[in-house]
*Asks:* 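Pasting a structure below so you can have a look.
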Amino acid sequence: MGCAFALALSLAGCSGRALVHTIPLGTQKINTEGPLLLRESLHECYYWVNDKRELCIAMRTFHRSLFGKLLEREFVMSLVAPGTPAAESRDYKVDRSTARVFSRFGIYPQRGGSQSGILTVWDFGRGRLKGRFRFNARQQTYSVLTGWSAATVSMYVGEFTAVENRQRGEAILKQTEEAGLGRDQPARPSPNPP
């Protein structure tokens, strides 16, 4: 038991961790060769309580390529929920302003905003915040030739262990709100690329 706990702490490190699965829910077309779901292991995950007393969680991973920007991969996500847990755990209803997602493979960015779902957190106030989420999101892909695509729907399912760090978390949250995905305007994405 003690070895398993020590291993879990070492895996989370001082920057947290997360695992996110993305499941495309489109019914018009299905990829015949690619994976049915995408899996991202994120190496940074932070939480803090902002000035509005909202619980904020931000996570990120970045894969540099020896072949330059064309083969770099990046995935960032932020979650903002009203209020903090009164006890050690709490369930939150995910709505249009809760989650923001931005990913990039080379020069092809993708952005998304939540529609509905659930976020559950526990161990609040114990140094590391743990949680799980499941939500549907509208997402778009950017092309230099056509701009942002029509929105499709995907489901995001994941879990995280976040460490408290407002400064690093806010930098990630800001990145997720670029490209027209500010939480003050959840239904009006910008036509410009990130």
Side-chain angles (χ1 to χ4, degrees), residues 7-25 31 34-48 50 55-81 94 98-114 117-123 127-142 148 152-183 189 193-194:
L7 178 62
L9 279 179
S10 67
L11 288 174
C14 59
S15 57
R17 63 177 172 80
L19 179 64
V20 179
H21 298 279
T22 308
I23 307 162
L25 299 178
N31 187 337
L36 291 172
L37 61 89
L38 303 174
R39 179 180 187 266
E40 287 287 350
S41 293
L42 290 83
H43 306 107
E44 293 180 76
C45 188
Y46 308 106
Y47 81 96
W48 69 101
N50 69 14
L55 179 64
C56 303
I57 302 151
M59 53 195 81
R60 173 182 188 264
T61 193
F62 178 76
H63 301 279
R64 192 174 309 280
S65 170
L66 294 174
F67 302 102
K69 191 171 183 175
L70 286 175
L71 294 179
E72 288 179 350
R73 279 191 322 119
E74 182 175 26
F75 183 96
V76 291
M77 176 186 289
S78 66
L79 304 162
V80 176
V94 171
T98 305
R100 295 292 181 267
V101 182
F102 177 82
S103 61
R104 179 176 60 84
F105 182 75
I107 59 170
Y108 300 102
Q110 192 171 64
R111 65 185 180 185
S114 58
I118 186 168
L119 163 66
T120 299
V121 298
W122 63 93
D123 285 353
R128 293 183 187 273
L129 180 70
K130 296 180 182 177
R132 288 185 165 186
F133 54 83
R134 180 174 57 241
F135 62 85
N136 290 339
R138 291 170 56 89
Q139 64 182 41
Q140 297 174 295
T141 302
Y142 186 81
W148 288 107
T152 60
V153 178
S154 290
M155 177 181 282
Y156 290 87
V157 180
E159 60 185 337
F160 59 85
T161 299
V163 296
E164 190 169 6
N165 191 321
R166 182 171 183 164
Q167 182 179 3
R168 293 178 84 174
E170 282 183 338
I172 296 170
L173 184 139
K174 182 178 178 185
Q175 186 180 0
T176 65
E177 292 185 344
E178 293 173 351
L181 287 177
R183 284 181 166 84

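What you see is a predicted model, and the numbers here were worked out from it, not measured in a lab.
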*Asks:* Within this structure, what is the OG1-CE distance for the pair Thr22 and Met155, rounded to the nearest 0.5 Å?
*Replies:*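 Going from the OG1 atom of Thr22 to the CE atom of Met155 covers 11.0 Å.
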*Asks:* Would you compute the distance between atom CZ of Arg17 and atom CD of Glu159 and round it to the nearest 0.5 angstrom?
*Replies:*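 If we round to the nearest 0.5 Å, Arg17:CZ and Glu159:CD are 7.0 Å apart.
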*Asks:* Between Arg60 and Gln175, does a side-chain contact (heavy atoms from CB on, under 4.5 Å) hold up when you go through it step by step?
*Replies:* CA-CA 10 Å; Arg60 173 182 188 264; Gln175 186 180 0; 4.1 Å; yes
*Asks:* Using the rule given for side-chain contact (heavy atoms from CB on, under 4.5 Å), can you reason through Phe133 versus Val94, listing the C-alpha separation, both sets of side-chain angles and the distance that settles it, and then say yes or no?
*Replies:* CA-CA 9 Å; Phe133 54 83; Val94 171; 5.7 Å; no
*Asks:* Which heavy atom of Lys130 sits nearest to which heavy atom of Thr161, and what is that distance?
*Replies:*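 Reported closest heavy-atom pair: CG-OG1, 4.0 Å.
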*Asks:* Write down the atom of Glu44, the atom of Arg168, and the distance for their closest heavy-atom approach.
*Replies:*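 Nearest heavy atoms, Glu44 then Arg168: OE1-NH2, 3.6 Å.
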*Asks:* Check Trp122 against Gly131 and note the closest heavy-atom contact, atom names and distance.
*Replies:*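 Scanning both residues, the minimum pair turns out to be CZ3-CA, 3.6 Å.
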*Asks:* Would you compute the distance between atom CZ of Arg111 and atom CZ of Arg100 and round it to the nearest 0.5 angstrom?
*Replies:*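 So the CZ of Arg111 and the CZ of Arg100 are separated by 10.5 Å.
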*Asks:* Test side-chain contact (heavy atoms from CB on, under 4.5 Å) on Leu25 and Ser154 and set out the steps.
*Replies:* CA-CA 5 Å; Leu25 299 178; Ser154 290; 5.5 Å; no
*Asks:* Closest approach of Phe135 and Ser114, non-hydrogen atoms and distance?
*Replies:*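 Taking Phe135 first and Ser114 second, the nearest heavy atoms are CD1-CB, 3.8 Å.
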*Asks:* Glu170: what forms a salt bridge (charged side-chain N to carboxylate O under 4.0 Å, His left out) with it, not counting sequence neighbours?
*Replies:*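 By the salt bridge (charged side-chain N to carboxylate O under 4.0 Å, His left out) rule, Glu170 matches Arg166.
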*Asks:* With a 4.5 Å cut-off on side-chain heavy atoms, are Cys45 and Ile57 touching?
*Replies:*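 Contact flag for Ile57/Cys45 side chains = yes.
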*Asks:* How far does CZ of Phe160 sit from CZ of Arg132, to the nearest 0.5 angstrom?
*Replies:*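 Going from CZ on Phe160 over to CZ on Arg132, the span is 11.0 Å.
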*Asks:* Counting C-beta onward and ignoring hydrogens, is there a side-chain heavy-atom pair between Arg128 and Asp123 closer than 4.5 Å?
*Replies:*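 Sidechains of Asp123 and Arg128: no contact.
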*Asks:* Give me the one residue out of Leu173, Leu42, Val101 that meets side chain to side chain contact (heavy atoms under 4.5 Å, CB included) with Met59.
*Replies:*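 It is Leu42, the one option of Leu173, Leu42, Val101 that forms the side chain to side chain contact (heavy atoms under 4.5 Å, CB included) with Met59.
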*Asks:* Leu129 and Leu55: side-chain contact (heavy atoms from CB on, under 4.5 Å), yes or no, with the steps?
*Replies:* CA-CA 11 Å; Leu129 180 70; Leu55 179 64; 4.1 Å; yes
*Asks:* Under a 3.5 Å cutoff, is there a donor and acceptor pairing between the side chains of Arg183 and Ser78?
*Replies:*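 A donor-acceptor contact under 3.5 Å links the two side chains.
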*Asks:* Roughly how far, to the nearest 0.5 Å, is the CD1 atom of Ile118 from the OG1 atom of Thr98?
*Replies:*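 Going from OG1 on Thr98 over to CD1 on Ile118, the span is 11.5 Å.
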*Asks:* Run the salt bridge (charged side-chain N to carboxylate O under 4.0 Å, His left out) test against Arg138 and tell me which residues pass, sequence neighbours left out.
*Replies:*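 So Arg138 forms no salt bridge (charged side-chain N to carboxylate O under 4.0 Å, His left out) with any residue.
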*Asks:* Can you label the angle between the Phe75 ring and the Tyr156 ring as parallel, tilted or perpendicular, going by 30° and 60°?
*Replies:*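 Answer is tilted, since the angle falls between 30° and 60°.
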*Asks:* For the CG atom of Asn136 and the CD1 atom of Ile23, what is their distance to the nearest 0.5 Å?
*Replies:*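 Interatomic distance, Asn136 CG to Ile23 CD1, rounded to 0.5 Å: 9.5 Å.
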